[in-house]
Asks: 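Take a look at this one; I'll ask things after.
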Amino acid sequence: WRNVGCVCWESDLWPGGCAGPKNHSGAQAFCRSVGARLCTVKELKTNVAYGTGCALDNVYVWTGTSDGCPAGQSWMSSGRAYRLTDKCASNSANSGVRCCA
């Protein structure tokens, strides 16, 4: 995968292609496996992940942010800022994956 001039990386260039839907721990593990981490809600709100592949601009993706969520939940946000309302979701749910450096 490659850096596109920001903290987010081009998702569709990962070895093996797009990550596909994963639960929160799977998303974290995937990002770690490529030397990255899940993007934060704050980062996604600045469009760091917009246009970085895998058709995730208008769907929920996992974030590395859990502050304010009940135990066992983390924030989901959209791959493009303000497309969807941020929400806490069960860490066992499947969602898209965006990784940041």
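These numbers were taken from a predicted model, which means no experiment stands behind them.
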Asks: Side chains of Cys100 and Val48, heavy atoms from C-beta outward: is any pair under 4.5 Å?
Replies: yes

Asks: Could I get the full list of side-chain hydrogen bond (donor to acceptor under 3.5 Å, both in side chains) partners for Asn23, not counting sequence neighbours?
Replies: Ser25

Asks: Enumerate the residue pairs fulfilling side-chain hydrogen bond (donor to acceptor under 3.5 Å, both in side chains) with a member in residues 58-69, sequence neighbours excluded, ordered by first and then second residue.
Replies: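 Non-adjacent pairs meeting side-chain hydrogen bond (donor to acceptor under 3.5 Å, both in side chains): Asn58-Arg83.
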
Asks: Taking salt bridge (charged side-chain N to carboxylate O under 4.0 Å, His left out) as the cut-off, I'd like each qualifying pair that reaches into residues 46-63, sequence neighbours left out, listed once.
Replies: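 Applying salt bridge (charged side-chain N to carboxylate O under 4.0 Å, His left out) to every pair that reaches into residues 46-63, excluding sequence neighbours, yields Asp57-Arg98.
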
Asks: What's the shortest heavy-atom distance between Val61 and Gly79, and which atoms?
Replies: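 Residues Val61 and Gly79, closest heavy atoms: CG2-N, 4.2 Å.
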
Asks: Take Cys39 and Cys99 through the test disulfide (SG to SG under 2.5 Å) and record every step on the way to the result.
Replies: CA-CA 5 Å; Cys39 301; Cys99 302; over 6 Å; no

Asks: Any idea which heavy atoms bring Leu84 and Ser78 closest together, and the distance?
Replies: N-OG, 3.5 Å

Asks: Could you tell me which residues satisfy salt bridge (charged side-chain N to carboxylate O under 4.0 Å, His left out) with Lys45, sequence neighbours excluded, listed by chain and number?
Replies: Asp86

Asks: How far apart are the closest heavy atoms of Leu56 and Gly96, and which atoms are they?
Replies: CD2-CA, 4.1 Å

Asks: side-chain hydrogen bond (donor to acceptor under 3.5 Å, both in side chains) with Ser33: which residues, sequence neighbours excluded?
Replies: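 Once residues adjacent in sequence are excluded, Ser33 has no partner under the side-chain hydrogen bond (donor to acceptor under 3.5 Å, both in side chains) criterion.
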
Asks: Using the rule that two of Ile, Leu, Val, Met, Phe, Trp, Tyr join whenever any of their side-chain heavy atoms come within less than 4.5 Å, decide whether Val41 and Val97 are in one cluster.
Replies: no

Asks: My understanding is that only residues two or more places apart in sequence, or in another chain, count here; which of them pass side chain to side chain contact (heavy atoms under 4.5 Å, CB included) with Cys69?
Replies: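 Residues passing side chain to side chain contact (heavy atoms under 4.5 Å, CB included) with Cys69: Gln73, Trp75, Cys88.
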
Asks: Which atom pair, heavy atoms only, marks the closest approach of Thr46 to Glu43?
Replies: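 Looking at all heavy atoms of both residues, the shortest contact is OG1-O, 2.7 Å.
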
